[in-house]
Amino acid sequence: MVKALGWLAAASVAAGLVMALGVAPREVTQGNVQRIMYVHVPLILASYLAFVVLAVASLVYLVRRDEAADRVAHASGEVGVMFVGLGIATGSIWGKPTWGTWWTWDARLTSVAILFVMYLGYLLLRGTIEDRERAARYCAVLGIVAALDIPLVHFSVYWWRTLHQPPSLMKPGGFTGSSSILWPLLVNLIAFVLLYAYFVARRVRLLRAEAEAVA
Amino acid sequence: MSYARRALAVAWKDLAVERRSKETLNALVFFSLLLLFVFQFTLGGDRERLAAVLPGVLWLGFVLSALLALGRTFLVEREHDCWEGLLLAPGDKSAIYLGKLAGNLALMLVVEALVLGLFAVFFDIDLGRALPGLVVVVLLGTLGLAAVGTLFAAMTANVRARELLFPVLLLPVQVPVLLATVKATEALLLGEPLAAVGHWVKLLVAADVVYLAVSLLTFDVVLEG
Amino acid sequence: MNLEPIVRVVDVRKVFGLVPVLDGVSLEIRAGEAVALLGANGAGKTTLLKILATLLRPTRGTATIAGHDVARAPEAVRALLGVVAHGAWVYDDLTARENLKFWATLGGLAAGADEVTAALAGVGLERAADARVRTFSAGMKRRLSLARVMLARPRVLLLDEPFAGLDQRAKKWLEGRLEALKAAGAALLMVTHSFGRELGVADRLAVLAGGRIALDTARGSLGPDDIQRLYAAHTEDGL
Amino acid sequence: MPDNWGFVAAAYGLTAVALLIYWRRLAKKEREMEVFKRLTAPRP
């Protein structure tokens, strides 16, 4: 099953790549550098999915103390942090030619950076506690608190940015809605979600093997 | 109503231990004086620069002393080997959370009042008009910090490198509270009425409600040992 | 002593990392009965005590107190428990009376001032009732934690080396208190290293070796040297 | 507006490399787990 998911993910990533670099039109104002959007936006949206899955799995673990749920949370956190980290990196690579600087306190990049640090803390907590059962419990609580914090982070960062200077026109990740842009974006989004699912599946299988080896 | 009595017992115990040992209070008072001098040396001279930076500096002082105070929440239990005693107390553990939270709030508010007073005197800021609004913002912000801080202090009480882990876990989660309080303080110090920062106040209230609710619901799980 | 055991441990296994500290421990204690648990250092005595005290979850097997599973219903178990562990659970900056009052209130007991004074008198601390616990000796701190436990009138008492560090007079006094609790119907599990007079309280001796109960016998008329011989025999085989 | 293909390549390249590293790390750990299992498998 996991292997099939792997091939499916690989195929859709390849398709996404072709569409992003070939099929999608050359953006009028930004030029081809805008094609970074087709990997930057899916990475961030997939990481949001990862953090939602993490919170739900944490809740399931707390209610049913089901180790499998904890493993899903752990795997989802790991892949989520990687994706959001890559999202930030690609965002700043995109920002350099567009705004002339690697980093701007743009609302979206800021809130994504905060998520990155918050869930990096989740992985740090996971790594610090030896006793697996206690680590699972504490990480479940942190997973839920962090997820509930995401909307608060978004509101506060947006008000902090938009109430003073108008949102910059060429903001990376701005959705110019023409369909020729939307299709490649959608395909790439599905590709990265499948990739996320594939990585989580393999990581969960590995975590289960590690747990069984000890029991 | 043994729930309230148990929460009060925990709060009373913490404040009694604190009043007699004065460990944390001394550390925090000394820390805020230190902070004041550092800011005085670096910023004291230039009035305009000071006014622009003051809200950030003030809240930096509040947050750093909050980290010190909150990080020590379960220190007395750990040092006197009473952690297992808390674990084995039958009944709803969130009463212990509320007791610890009250103790933390009292301690943090005392230090914040001191820091605010010192700043007002040493940087001769006219707090007069802004004070009522400031009190509201400080109370809501401190509650937000303490609500999650007390929960995370319980989580990191028995963990290796807890002094490092605690701020790393707490600060990112507290970004909304930090943004709201600094921006609101900035506006208030510029003379704007509290209504002008209504949206920040609403965000702080929402954050406090979320933090308190999730902490009360999950504290039992954290205190399972 | 009624027949139904109040403490029942069935094939409990506990693994730390890859090391099985407990490997199938089974034990039963009835109300009003005291069991002394002997064993070498690291044999898992304190681990078993912690599992019964709901502080550790067994990797496998079950342990119940008055029918409540320690892992699944810790709250119900804790209401019946009295634990005197290595740590005396005392706040040095509070007085003996304040400590008792705090633990009683936290335990949900409506212990009035007179009850607290009586408990302090019961453990011979009435003179030091209002002194800071910081000034107490180890023996006095142990007596204070015993007073804390007796206030709650537990049905099961878990004691981790209660006699360690006590002088002869305090040992004899503690023995008397434990006999009184037993007579009142409490079940006692006492982890100890000494084979001396303190075992007088125990109705049964259990030796923990190789992760299992290697010996479980009535104390009867066994003198200290008989116990020594039995213990040596079983711990050698166990290693 | 210059096309900055270099930046596009950098973004895609970085993402590809990172995903590959993670994938290889998973594969390596899985192989290690197989070896560990064979070693600790109880003798039939």
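Just so it is clear, the model here is predicted, and its values are computed rather than measured.
Atoms CG and CG, on L55(C) and L88(B) in that order, are 4.5 Å from each other to the nearest 0.5 Å. Atom CG of residue D92(B) and atom CD of residue E75(C) lie 8.0 Å apart, to the nearest 0.5 angstrom.
With a 4.5 Å cut-off on non-hydrogen atoms, I96(B) touches chain C through its side chain but not through its backbone. Of the two parts of L109(C), only the backbone, made up of N, CA, C and O, holds a non-hydrogen atom closer than 4.5 Å to a non-hydrogen atom of chain B. Interface remark: K101(C) contributes no atoms to any contact with chain B (heavy atom separation under 4.5 Å). Residue contact with chain B, scored on non-hydrogen atoms closer than 4.5 Å, involves the backbone and the side chain of L94(C) alike. In this structure, no portion of A76(C) lies under 4.5 Å from any heavy atom of chain B.
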Quick one: do V10(B) and T105(C) satisfy side-chain contact (heavy atoms from CB on, under 4.5 Å)? Show the steps, please.
CA-CA 9 Å; V10(B) 170; T105(C) 314; over 6 Å; no
Test side-chain contact (heavy atoms from CB on, under 4.5 Å) on W103(C) and C82(B) and set out the steps.
CA-CA 10 Å; W103(C) 288 112; C82(B) 297; 4.1 Å; yes
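The shortest side-chain heavy-atom distance between Y91(C) and S21(B) does not fall under the 4.5 Å cut-off. Between H80(B) and W89(C), the closest side-chain pair of non-hydrogen atoms is not below 4.5 Å.
Shown here is R72(C), whose CZ atom has no more than 12 heavy atoms of other residues, nucleotides or ligands within 6.0 Å. The neighbour count for R155(C) CZ, taken as heavy atoms of other residues, nucleotides or ligands under 6.0 Å away, does not exceed 12.
Here the shortest heavy-atom pairing between G107(C) and P90(B) reads O-CG, 3.9 Å. A pairwise comparison of heavy atoms in R6(B) and L106(C) identifies NE-O, 2.9 Å as the closest pair.
Among E79(B), K93(B), R19(B), the residue with the largest count of heavy-atom pairs under 4.5 Å with chain C is K93(B). In terms of non-hydrogen atom pairs under 4.5 Å with chain B, the most contact-rich of R148(C), R57(C), R132(C) is R132(C). Per-residue counts of heavy-atom pairs under 4.5 Å with chain C were compared for A9(B), A89(B), A7(B); the largest is that of A9(B). Interface summary for chain B: among V83(C), T54(C), D92(C), the most heavy-atom pairs under 4.5 angstrom belong to D92(C).
Ion pairing of E98(C) with K13(B) is absent here, as no side-chain N (NZ or NE/NH1/NH2) approaches a carboxylate O to less than 4.0 Å.
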